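Order of the sequence lines fixes the chain letters, A, B, ..., with proteins taken first and strands second; residue numbering starts at 1 for each chain. These numbers come from a predicted model, not from an experiment.
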Amino acid sequence: MSARNPLLSRHRGTALALPPLLAAFWLVMSGHYTWLLLTLGAASVCLVVWVIWRMQVVDDESLPLRVLPRLPGYLLWLIGQIMLSAVTVLRLVWSPRRKIRPGVGTVPAAGMSDLSKVIYANSITLTPGTLSVSFRNGDIEVHALRAEGVAEVADSAMPRRVEGLEKR
Amino acid sequence: MLAAAVIALLVAMALTLVRAFVGPRLYNRLLAINVFGTKTVLFISVVGVLSGRPYIFDIALLYALVNFVSTIAVLRLTHLDELLPSSDEGTAR
Amino acid sequence: MSLSLLIDIASGALLLAGCLLVVSGAVGLLRLPDFYTRTHAGSLTDAAGATLLLLGLLLQADGWQSGVRLVLIMLFLLVTSPTAAHALAQAARRDGERLPAGDDEGRR
């Protein structure tokens, strides 16, 4: 159960980081810097913070800013991986004979933190040819367009890189 | 090149609609509609660059969010008990 | 060779590759045999095709405001599409879409 008052308890860091982020988002997206719009922006930031506070969704994982410094590098690497496996799926889609043998298997993820698990599962889904279906005992159950695909994910550099995201 | 992209996206959207119509069953249709939404976002973005009006990107951004939320909303309707956070799985607490 | 021509060529190549992937995703959605394999075709469109197309557009965008919006669209798609695909797959499975061999939990 989350704390009764997230703004005043251990989630103060998240609560302090949220309004500046929202304000920056408004300033970037608006592009008009008149008094009326800036006032409306401040009001909407307050509204959003109030709604989030009322929903009590702020826990220590709602705003995982600690992965931010390494995220761009990881995203670039992931986009490269996506392109590589997209070529494989492309060939399967256009091949005249239907030789598709999909398979299901589990990829070990039991030792990871919850955040790493989510990033890992989403990265697997994002890569064409592999789809994470569910968690089973902390491991990720993966459906692959080619049966070999599951083992290839587990052997690839992806789990190592995902865990590296959270390191200081 | 941008005009060619618009045509390619329209063709892809038509093909996706075919899958949405023939089904079979609920989930193939939902998947097709989800992919169709992504293509709409791309279509709006290309049109935005083509017409040189940057505010069109706001519409694309909004559409991307609406597409995601609507997919989750439909799934909540069909699986009301399982996707709510009070169910047994999904909450690792 | 001028820089703008180079940017035009790079953007055109990215757009072309993106269109190829998006159309292939649609074709795959029609050709592949069952729900789960079609999901892979969907991710071909969502992840790879959308990223390439938006990168191609980014090179042609004028002004930082358009650029920021395109990057935000790309990030939103990269976050939301696997989440939606995962929710779809899990719901489909509980409703009895059969996984291939190795499935002992499919129908409940």
Residues pairing under side chain to side chain donor-acceptor pair (under 3.5 Å) where one sits in residues 75-84 of chain C, two or more places apart or in two chains, turn out to be none
Bottom line for B/T71: the part with an atom under 4.5 Å from chain C's heavy atoms is side chain
Okay, B/V22 and chain C: the region with an atom under 4.5 Å from a heavy atom over there is neither
Could you have a look at [options] and say which one has the most heavy-atom pairs with chain B under 4.5 angstrom?
options: C/G56, C/C19, C/A89; value: C/C19
options: C/A41, C/A50, C/G42, C/A85; value: C/A50
options: C/L54, C/L20, C/L16, C/L57; value: C/L57

**Prompt:** Would a 4.5 Å heavy-atom cut-off, applied to side chains only, mark B/S45 and C/I73 as touching?
**Reply:** yes
Handout entry: Test item: B/N34 and C/L88 side chains (from C-beta on) under 4.5 Å apart, heavy atoms
Key = yes
Approximate separation, where rounding is to 0.5 Å, of [X] [atom1] and [Y] [atom2]:
X: B/N28; Y: C/R38; atom1: CG; atom2: CZ; result: 4.5 Å
X: B/N67; Y: C/F76; atom1: CG; atom2: CZ; result: 13.0 Å
X: B/I59; Y: C/R69; atom1: CD1; atom2: CZ; result: 11.0 Å

Among residues 35-42 of chain B, residues within the sub-4.5 Å heavy-atom range of chain C, in order of number, are B/V35, B/T38, B/K39, B/V41, B/L42
What one should report as the nearest heavy-atom pair of C/Q60 and B/V49 is OE1-CG1, 4.0 Å
For C/L75, the side-chain contact (heavy atoms from CB on, under 4.5 Å) test, sequence neighbours excluded, returns A/L75, C/V71
Here the salt bridge (Lys or Arg N to Asp or Glu O under 4.0 Å) pairs for residues 60-75 of chain B, sequence neighbours left out, are none
If one checks every heavy atom of C/L72 against chain B at 4.5 Å, the contacting part turns out to be both
If one checks every heavy atom of C/L77 against chain B at 4.5 Å, the contacting part turns out to be side chain
Among B/V11, B/L65, B/I7, the residue with the most heavy-atom pairs under 4.5 Å to chain C is B/L65
Looking only at B/L9, B/T16, B/L31, most heavy-atom pairs under 4.5 Å shared with chain C are made by B/L31
